[in-house]
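Worth saying up front: this structure is predicted, and the values here are computed from it rather than measured.
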Amino acid sequence: MTEHDPIADLPAAATVLAALREGGAAVALDDFGSGHAGIAWLRALPVDTLKLDGELACAVLGSARERLVVGHVIAMARALGLAVVAEGVEDAGHRDVLAAAGATHYQGFLCAGPLDMAALLTLVEDRACAG
């Protein structure tokens, strides 16, 4: 689910998402910390993964106040039993700071740039073979 459109009926959305989860789907709340994807959605919707907006994830490298906010958002998600994906990770130092704060996964140019299907399959196969 993305942050671009507000959800007018959170209880109805929660019912649909719960049914999808019962069917085996995982639900991720994308771009948390931007647009409409905020605390209300987190409180109301059954999600498995919280994806931190890239700007929020980068704030972990900023001021003490910014680091505190990011750290508490991650801690809150983890306390709710959610996986945390940090978006916009471009270097190992940034990844390591986010991991120390509790982020469980990352996406960004540190891993790879945009890929077509063939390149994605090659990347996955290479990493699987590497252990």
Side-chain angles (χ1 to χ4, degrees):
M1 298 172 31
T2 67
E3 81 292 356
H4 298 293
D5 296 307
I7 296 175
D9 189 347
L10 283 174
T15 299
V16 169
L17 293 175
L20 289 169
R21 288 177 80 213
E22 286 176 21
V27 177
L29 183 55
D30 193 26
D31 292 328
F32 186 82
S34 71
H36 296 283
I39 298 294
W41 285 19
L42 188 58
R43 288 179 47 222
L45 302 175
V47 298
D48 302 292
T49 301
L50 186 71
K51 292 182 68 181
L52 298 179
D53 175 69
E55 187 175 320
L56 181 61
C58 286
V60 78
L61 301 173
S63 69
R65 180 184 182 107
E66 290 175 309
R67 288 190 307 272
L68 187 65
V69 168
V70 175
H72 282 290
V73 168
I74 292 171
M76 176 182 60
R78 298 303 309 255
L80 291 169
L82 305 178
V84 177
V85 177
E87 298 177 353
V89 178
E90 296 188 11
D91 63 60
H94 187 197
R95 179 202 56 211
D96 294 346
V97 170
L98 286 160
T104 50
H105 300 84
Y106 71 93
Q107 72 181 56
F109 287 109
L110 175 60
C111 179
L115 303 171
D116 63 20
M117 183 58 74
L120 175 61
L121 290 172
T122 299
L123 177 70
V124 170
E125 289 169 358
D126 290 349
R127 296 227 171 141
C129 291

- Identify the two heavy atoms, one from Pro11 and one from Asp9, that lie closest to each other, and give their separation to 0.1 Å.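 For Pro11 and Asp9, the tightest heavy-atom pair comes out as CD-OD1, 3.1 Å.
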- Task: Work out which heavy atom in Ala40 is nearest to a heavy atom in Leu10; give both atom names and the distance.
- Result: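 Closest pair (atom of Ala40, atom of Leu10, distance): O-CD1, 4.1 Å.
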- Message: Any non-hydrogen side-chain atom of Met76 less than 4.5 Å from a side-chain atom of Leu50?
- Response: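 With C-beta onward as the side chain, the pair stays apart.
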- Would you call Leu42 and Leu82 a side-chain contact if the rule is heavy atoms closer than 4.5 Å?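 Sidechains of Leu82 and Leu42: in contact.
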- Message: Please determine whether the number of non-hydrogen atoms from other residues, nucleotides or ligands lying under 6.0 Å from atom CD of Glu66 exceeds 12.
- Response: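 Yes.
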- Query: Should Val85 and Leu80 be regarded as members of a common hydrophobic cluster, given that ILVMFWY residues are connected when their side-chain heavy atoms come within less than 4.5 Å of each other, either directly or indirectly?
  - Reply: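 The answer is no; the residues belong to distinct hydrophobic clusters.
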- Message: Is there a path of hydrophobic side-chain contacts, each under 4.5 Å between heavy atoms of I/L/V/M/F/W/Y residues, joining Trp41 to Val47?
- Response: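 Per the 4.5 Å side-chain linkage, Val47 and Trp41 are co-clustered.
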Tabulate below the donor-acceptor pairs under 3.5 Å that side-chain atoms of residues 101-111 make, not counting sequence neighbours, or state none.
unit_1, atom_1, unit_2, atom_2, d
Thr104, OG1, Val84, N, 2.8
Thr104, OG1, Val84, O, 3.0
Gln107, OE1, Lys51, NZ, 3.1

- Message: Once side-chain hydrogen bond (donor to acceptor under 3.5 Å, both in side chains) is applied, do any residues pair with Asp48, and if so which ones, sequence neighbours excluded?
- Response: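 So Asp48 forms a side-chain hydrogen bond (donor to acceptor under 3.5 Å, both in side chains) with Arg21.
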Who are the side-chain contact (heavy atoms from CB on, under 4.5 Å) partners of [X], not counting sequence neighbours?
{"X": "Ala75", "answer": "none"}
{"X": "Ala18", "answer": "Pro46"}
{"X": "Leu68", "answer": "His72"}

Can you give the donor-acceptor pairs under 3.5 Å from side chains of residues 87-100 to other protein atoms, not counting sequence neighbours?
unit_1, atom_1, unit_2, atom_2, d
Asp91, OD1, Gly93, N, 3.1
Asp91, OD1, His94, N, 2.7
His94, NE2, Ala57, O, 3.0

Any chance you could measure [X], atom [atom1], to [Y], atom [atom2], to the nearest 0.5 Å?
{"X": "Leu56", "Y": "Ile74", "atom1": "CG", "atom2": "CD1", "result": "7.5 Å"}
{"X": "Leu121", "Y": "Glu125", "atom1": "CG", "atom2": "CD", "result": "6.0 Å"}
{"X": "Leu20", "Y": "Thr15", "atom1": "CG", "atom2": "OG1", "result": "11.0 Å"}

- Query: With no hydrogens and no angle check, is any side-chain donor or acceptor of Arg67 less than 3.5 Å from a backbone partner on Gly62?
  - Reply: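 At least one qualifying donor-acceptor pair exists.
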